[in-house]
Amino acid sequence: MASGTLYTYLNNFRAYKALIAAQYSGADVKVDPAFEFGVTNKQESFLKKFPQGKVPAFESKNQEYLTESNAIAYFVSSEQFKGSTLYEQALVQQFISYADNEILPASYAWVYPSLSIAQFNKLSVDRAIEDVKGILAYLDNYLLAKTYLVGERITLADITVACSLLQLYQHVLNPEFRKPYINVNRWFDTIVNQPKVVKIIGAFEYCQKSAEFNQ
Amino acid sequence: MASGTLYTYLNNFRAYKALIAAQYSGADVKVDPAFEFGVTNKQESFLKKFPQGKVPAFESKNQEYLTESNAIAYFVSSEQFKGSTLYEQALVQQFISYADNEILPASYAWVYPSLSIAQFNKLSVDRAIEDVKGILAYLDNYLLAKTYLVGERITLADITVACSLLQLYQHVLNPEFRKPYINVNRWFDTIVNQPKVVKIIGAFEYCQKSAEFNQ
Amino acid sequence: MALEILAQEKVWLNKSKYADAERVYYEKLSK
């Protein structure tokens with residue numbers, strides 16, 4: 001079973017993917033407590049292993065180096081977590097891509113301005129909100145008759161998609177907005193309340209009131 | 001071995017990934033010749049299988065449906081193409097993520113305005129150019145002592161990264177700009193000239209002169 | 001959450017702009 005050190009800042013939803021996957025597989029993954037974002041990842045010793053200086057970054061006990069959170073999560077996952085058949089493995093890949101290519105861009109474009117860490121542009125935010133509605137509608141319909149995204153058990157697909165939705169559910173999807181999406185809400189709630197997930201992300205706090213935009 | 005029908009418009013670099021992977025694995029993947037982008041993918045029969053109406057989309061002979069080009073490419077790849085060891089499989093995942101999260105955003109932001117597909121914004125393009133320099137520098141250093149990105153043979157990592165660089169090498173990386181990046185040029189040239197790759201993308205034509213920006 | 005760290009992360013904020021442009025372009029080409 002894989003084991004090693006994960007370099008990341010705290011509360012990094014990308015790092016959560018690997019840490020949760022390790023909970024399920026039993027992989028021994030420790031977050032480096034000495035890591036300081038903006039300092040450690042600019043040092044020569046870090047850049048020698050991880051030339052782009054990005055996190056999360058992973059060093060296995062056998063000195064194998066990995067960047068990109070999906071790769072690290074994949075490395076520390078059990079075989080079953082990655083999909084039990086060829087088709088299920090491909091579906092896991094599908095949802096991983098969907099999270100990165102569809103959910104995250106929409107999430108950034110809505111959440112970042114709402115947290116005032118990106119400039120507010122009404123057109124962009126309105127478009128992001130529509131995109132998020134489309135995403136939730138798609139997932140809601142997909143999860144109508146399914147408990148998990150792929151197969152009959154939790155997989156890397158559920159963890160990856162749930163982690164990519166964390167910031168949305170935390171900051172902007174207020175109760176009224178998310179109310180119609182019964183199935184995806186049920187699924188998301190199931191995932192974030194799994195004991196192995198709670199161990200990593202803590203007790204999840206849903207958005208009660210969307211952040212106001214600083215125009 | 002997987003077989004089925006791929007729905008895509010012509011010259012779709014995303015579709016290339018799956019089609020090239022199928023060449024290497026021997027999977028029988030046919031592009032639907034009747035598919036018309038903007039028409040077929042809005043029809044009810046298509047949306048029933050692929051609710052988001054996006055391409056490439058894949059239907060296996062066993063009526064298994066997949067979207068997201070990485071998932072389709074994964075499904076039709078041989079085991080060796082996905083990485084021969086656990087670490088190599090994770091590295092393949094790493095480069096797939098790198099292509100989508102780093103290369104493509106920079107590529108779009110430079111290439112699309114240069115082709116007048118998207119609006120020109122000098123700040124965005126200047127930033128994209130710097131990002132591309134960083135990408136090429138990273139890959140060039142990585143490929144200093146390697147023929148392929150992962151292991152000793154061509155894998156899905158090479159195909160995915162090469163396909164994501166296609167538009168850059170075709171439209172904006174003129175000879176002077178790309179000259180310093182000897183290793184990544186060598187690697188790219190190796191990939192695009194592989195007979196199985198040429199079968200899908202044709203004879204590759206390098207950019208001779210960067211497109212002018214229509215301001 | 002450390003907003004300052006989040007602000008330093010490189011994220012793709014305007015993907016929809018390029019996705020739309022690409023779709024329109026290839027729909028036109030298909031015709």
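Every chain is numbered from 1, with letters handed out A, B, ... down the list of sequences. All values derive from a computational prediction rather than experimental measurement.
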* To do: Take B:Phe75 and A:Leu91, measure what side-chain contact (heavy atoms from CB on, under 4.5 Å) needs, and give me the verdict at the end.
  => CA-CA 9 Å; B:Phe75 187 67; A:Leu91 281 174; over 6 Å; no
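- Residues from residues 128-146 of chain B that place a non-hydrogen atom less than 4.5 Å from a non-hydrogen atom of chain A comprise B:Tyr138, given in numerical order.
- Side-chain contact check for A:Tyr87 versus B:Asn62: every heavy-atom pair is 4.5 Å or farther apart.
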* To do: Any chance you could lay out the side-chain contact (heavy atoms from CB on, under 4.5 Å) test for B:Thr67 and A:Tyr98, step after step, and finish with the verdict?
  => CA-CA 9 Å; B:Thr67 56; A:Tyr98 184 72; over 6 Å; no
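- The choice from A:Asn101, A:Asn70, A:Ile96 that makes the most heavy-atom pairs within less than 4.5 Å of chain B is A:Asn101.
- Heavy-atom contacts from other residues, nucleotides or ligands closer than 6.0 Å to CZ of B:Arg186 number more than 12.
- Here the closest non-hydrogen pair linking B:Gln94 and A:Leu66 is OE1-CA, 3.4 Å.
- Applying a 4.5 Å heavy-atom cutoff, the residues of residues 18-56 of chain B that approach chain A are B:Pro51, B:Gln52, B:Lys54.
- Heavy-atom neighbours of B:Lys179 NZ from other residues, nucleotides or ligands within 6.0 Å: at or below the threshold of 12.
- The two atoms that bring B:Ala90 and A:Ala71 nearest to each other are O-CB, 3.2 Å, heavy atoms only.
- To the nearest 0.5 Å, atom CD of residue B:Gln93 and atom CD of residue A:Gln93 are 4.0 Å apart.
- The CE atom of A:Met1 sits 8.5 Å away from atom CG of B:Leu86, with the distance rounded to the nearest 0.5 Å.
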